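These numbers were taken from a predicted model, which means no experiment stands behind them.
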There are 2 protein chains.
Amino acid sequence: MCKSFTRYVSLSSGLLRSFNKISGLVVAVARKRVQDTVNNYGFMQLNKSFVSADDVAKRAGVSRSAVSRTFTPGASVSEETRQRVMEAAQALGYHVNQLARGLMRSESGIVCLVVSEMDTPYRARLVRALTHELQTAGKIAMLINTDRSDGSVDAALRQTLHYRADASILLSGLPDKAITRLCLNSGQRIVLINRDDDIDGPFRINLDDGQAARVAVSAFLRAGCRHLAFANSDVGTPSLMARERGFIAAAAEFGLEVTVVRHGNTVYESGRKIAQTLFTEPKRPDAVFCVNDLMAFGLMDGARYDFGLNIPEDLCIVGFDDIEQSSWTSYNLTTFSQPVDEIVKSSVAWLQSDATAGRVRSANLHAPLIWRKTIRNKL
Amino acid sequence: MCKSFTRYVSLSSGLLRSFNKISGLVVAVARKRVQDTVNNYGFMQLNKSFVSADDVAKRAGVSRSAVSRTFTPGASVSEETRQRVMEAAQALGYHVNQLARGLMRSESGIVCLVVSEMDTPYRARLVRALTHELQTAGKIAMLINTDRSDGSVDAALRQTLHYRADASILLSGLPDKAITRLCLNSGQRIVLINRDDDIDGPFRINLDDGQAARVAVSAFLRAGCRHLAFANSDVGTPSLMARERGFIAAAAEFGLEVTVVRHGNTVYESGRKIAQTLFTEPKRPDAVFCVNDLMAFGLMDGARYDFGLNIPEDLCIVGFDDIEQSSWTSYNLTTFSQPVDEIVKSSVAWLQSDATAGRVRSANLHAPLIWRKTIRNKL
DNA sequence: CGCTTTTTTGCAAGCGTGTGCAAAAGTTTC
DNA sequence: GAAACTTTTGCACACGCTTGCAAAAAAGCG
């Protein structure tokens, strides 16, 4: 029986509602397929009834294989049948069921993005760019929020397995090695962005934090700064710690010590708090490298409004990420730019690379310093 | 043949690589199932080989149905078999294939979020909150980026159909009615957040923009402002236009005219630009309602740094959205708060509501004014 | 213990697709 | 026009799961 385009259930006088009250068995049976008839009650839409390839085949007068082949690039179909199939599909509003296709091809087209606090400017930008790039690569992004603390990265990767994702991209947290291995063994590909992990198999993208730290130190020195400080969170992510270590090491090369303050999360308020402790100290720093732009903003506001300091005259600041707000006139922050485009491109390229080929393991990207107004030119 | 826990392919001396070169047919056959053997070459992972319910059943010595029932809440399984199944599943790393389950249940558990420019603070917050809420409701979010201009909202909804999403939530753009209807007819539920549409079927969430505009006017009046202006983008989204109309109307009630400036997108730079045109005019406004916090920031920076105006002494400003940056000391923006939590809760609640019940059509939410420092207390 | 009632279990059909295989149809060649 | 080839087509099985149905096992009962 050919199902037509508009699908309404014809159930006179509210019979549909009573379906809910009777046993689950009957509901289940009734749910399956309902033939079309003219609706004389209330134009109630039928719950769940996508049009299938069978419907299209019937309407076009061909076999179901023909329909499948029409929508499979490179398959053998004559131009004539393709036309007829397309026409019928159009009329019926047919869309290939990717779930079923994924089942057959064992390739769902789904890529999971695992991320927490995704409303953070840098993360949001990354997610946006990733989804876009994935889409143009013919994949689709599934977003898994790991805001909850209870081992949720592991739970996220489990979700990833449930949906037979082709790959997972981790922007936050670090999963248990056992789970990672499980994913890898299931044929999933894993990309780790800015998280360090010694497990073999995932593609790791990292920034050259040490180099950036060195650049920061020399920029401060050229500006005549002598009392360096480093504002960090106590999140302790490897990349954040790498910046800290790198900064301390680079400063040491010039015989300078660094005052390190760690507080809270990598957010505005933490920067604000750090300003409090940093500028009430006896030897006030004249240069601060903030692990993060958000913290830099907090620090700047603290310095300006709580201590009346002028930036960059009294105080030079460098941030990291180059989020949009950094270019706003109120901040005009000199900061290291996350190479979001490169990160995204190399991730997706790796996902599409041949699995059996000698696989690249990691990428090390450079974060250039964007000069604005928070470091003075000369002493 | 029972597949064991660790799955490595044993192919001595690089045979695997040569697979690529031979005909597609052989590859396809080889891809299917490969028996386990000890790997004596290089620990190459087998591409794509999730463990299935069959494997678990075999290991646990029960039927496949038993496995299925173990993972189906409310199904009838004895405690003993459940134990054995769980144990086997654990050992094998089994995860129910949601794609296949969705195929049977015709309920994928997928909810699509259709959004453009998702790195905008307000949108990012909404996406974060939505994904979180959906996850706790047992759904999973699929993110569809509609940044490209070419009718991409329609394309997005097509994707939605491809993946048999249970529902779509539109945060950006507005789809063609035909597509919307197609989705609805396929049994999909649609939520429109802050986009107006006269089509019947979707759940529409809107803010009371008119009321907010009235509040803004009276706040300005109480502060002694007399020259009101409205800073808008020329995006022309219904909700943005509603704010504009509401503001003009409310001002008119007090016999005041409003200078309206529209420019570009709803971003910082546009606010900056608008400041240029607004403050070079002969009769400079002393109060500006910005359609958006981002534009408000741009306007504030323009007013302060290009024109040396003091806020709120010379100029009062109100924004809309209450994004995180609004509370930063540099801005301290008095603004209307998007009730993100309410939006999210009501959306997800509606998605879970009974389809056959008398369905609610829309929600009208209130955006309260958050008082900070950009409106002076008294004249 | 035998009977009835309840719970558990396996079988098999089906969800919507892709695809190898062989048959059918079309095309070229002599 | 027949033989040799190529392209197109339909059949049927597979993917991994859910679930109605009936048979089997367990439990309750007099």
Q. Reckon A/V96 touches a base, only the sugar-phosphate, or nothing at all at heavy-atom distances under 4.0 Å?
A. sugar-phosphate
Q.
Regarding D/dG16, can its base be found pairing with the side chain of A/R101 as donor and acceptor, where the two atoms are less than 3.5 Å apart?
A. no
Q: Determine: side-chain N/O of A/S76 to OP1/OP2 of D/dT9, distance under 4.0 Å, yes or no.
A: no
Q) Hey, is the side chain of A/S106 poking within less than 4.0 Å of OP1 or OP2 on D/dC15, counting only N and O atoms? A) no
Q | Selection from D/dG16, C/dG16, D/dA12 that lies nearest to any side-chain heavy atom of A/S65 | A | D/dA12
**Q.** Atom pair OG1/CZ of B/T72 and B/R101 - distance to nearest 0.5 Å
**A.** 5.0 Å
Q.
Rounded to whole Å, please give me the gap between CZ in B/R64 and C1' in D/dC15.
A. 11 Å
Q: Mind telling me whether A/H162 and B/H95 have parallel, tilted or perpendicular rings, with 30° and 60° as the class edges?
A: perpendicular
**Q.** Nearest-Å distance for atom pair CG/C1', residues A/D55 and C/dC15
**A.** 13 Å
Q: Round to the nearest Å and state the distance from A/F71 atom CZ to C/dT17 atom P.
A: 10 Å
Q: Name all residues meeting the side-chain hydrogen bond (donor to acceptor under 3.5 Å, both in side chains) criterion together with B/N145; count only those two or more places apart in sequence or in a different chain, and write none if there are none.
A: A/T131, B/D147
Q) Side-chain donor or acceptor of B/S63 under 3.5 Å from a matching atom on the base of C/dC11? A) no
(Q) Between A/S78 and A/T81, do the side chains contain a donor N or O and an acceptor N or O under 3.5 Å apart? (A) yes
Q | Side chain of A/S52 (C-beta onward), nearest among C/dG14, D/dC13, C/dG16 | A | C/dG16
Q) When the distance from CZ of B/R84 to C1' of C/dT9 is rounded to whole Å, what number comes out? A) 12 Å
(Q) Side chains of B/S172 and B/T146: any donor to acceptor distance under 3.5 Å? (A) no
Q) C/dT19 base to A/R69 side chain: any donor-acceptor pair below 3.5 Å? A) no
Q: Classify the nucleic acid contact of B/Y94 as base, sugar-phosphate or nothing, counting any heavy atom under 4.0 Å across all strands shown.
A: sugar-phosphate
Q: Could you point out which residue of A/M142, A/K139, A/R164 forms a side chain to side chain contact (heavy atoms under 4.5 Å, CB included) with A/I110?
A: A/M142
Q: Could you tell me whether A/F71 and A/Y94 have their ring centroids closer than 6.0 angstrom?
A: yes
Q) What about A/R164, does its side chain sit under 3.5 Å from the base of D/dG16 through a donor-acceptor pair? A) no
Q) What does the inter-axis angle of the helix from C/dC1-D/dG30 to C/dC30-D/dG1 come out as, five pairs per end, nearest 10 degrees? A) 30°
Q: Send over the distance from B/L103 CG to D/dC15 P, rounded to a whole Å.
A: 14 Å
Q: Mind calculating the distance between CG (A/D54) and P (C/dG18) to the nearest angstrom?
A: 12 Å
Q: Tell me which nucleotide among C/dG10, D/dC17, D/dT9 gets nearest to the side chain of A/T81.
A: D/dT9
Q.
Regarding A/V77, tell me which of base, sugar-phosphate or nothing describes its non-hydrogen contacts under 4.0 Å with the strands shown.
A. sugar-phosphate
Q.
If I take atom CD in residue B/E79 and atom P in nucleotide C/dT7, what distance separates them, rounded to the nearest angstrom?
A. 15 Å
Q | Residue B/M104, side-chain atoms from C-beta onward, closest of C/dG16, D/dT18, D/dC13 | A | D/dT18
Q: Report the distance from atom NE2 of B/H162 to atom C1' of C/dT17, rounded to the nearest whole Å.
A: 14 Å
Q: Please tell me which of the listed nucleotides, C/dG10, C/dA13, D/dT19, lies nearest to the side chain of B/T72?
A: D/dT19
**Q.** Where A/A141 and A/L134 come nearest, the two heavy atoms and their spacing
**A.** CB-CD1, 4.1 Å
Q.
For C/dG16, does the base pair up with any side-chain atom of B/R105 as donor and acceptor (N or O, under 3.5 Å, distance only)?
A. no
Q | Verdict with reasoning, A/S168 to A/Q188, per side chain to side chain donor-acceptor pair (under 3.5 Å) | A | CA-CA 7 Å; A/S168 301; A/Q188 214 181 80; 2.7 Å; yes
Q. For B/S78, which contact category applies under a 4.0 Å heavy-atom criterion: base, sugar-phosphate, or nothing?
A. sugar-phosphate
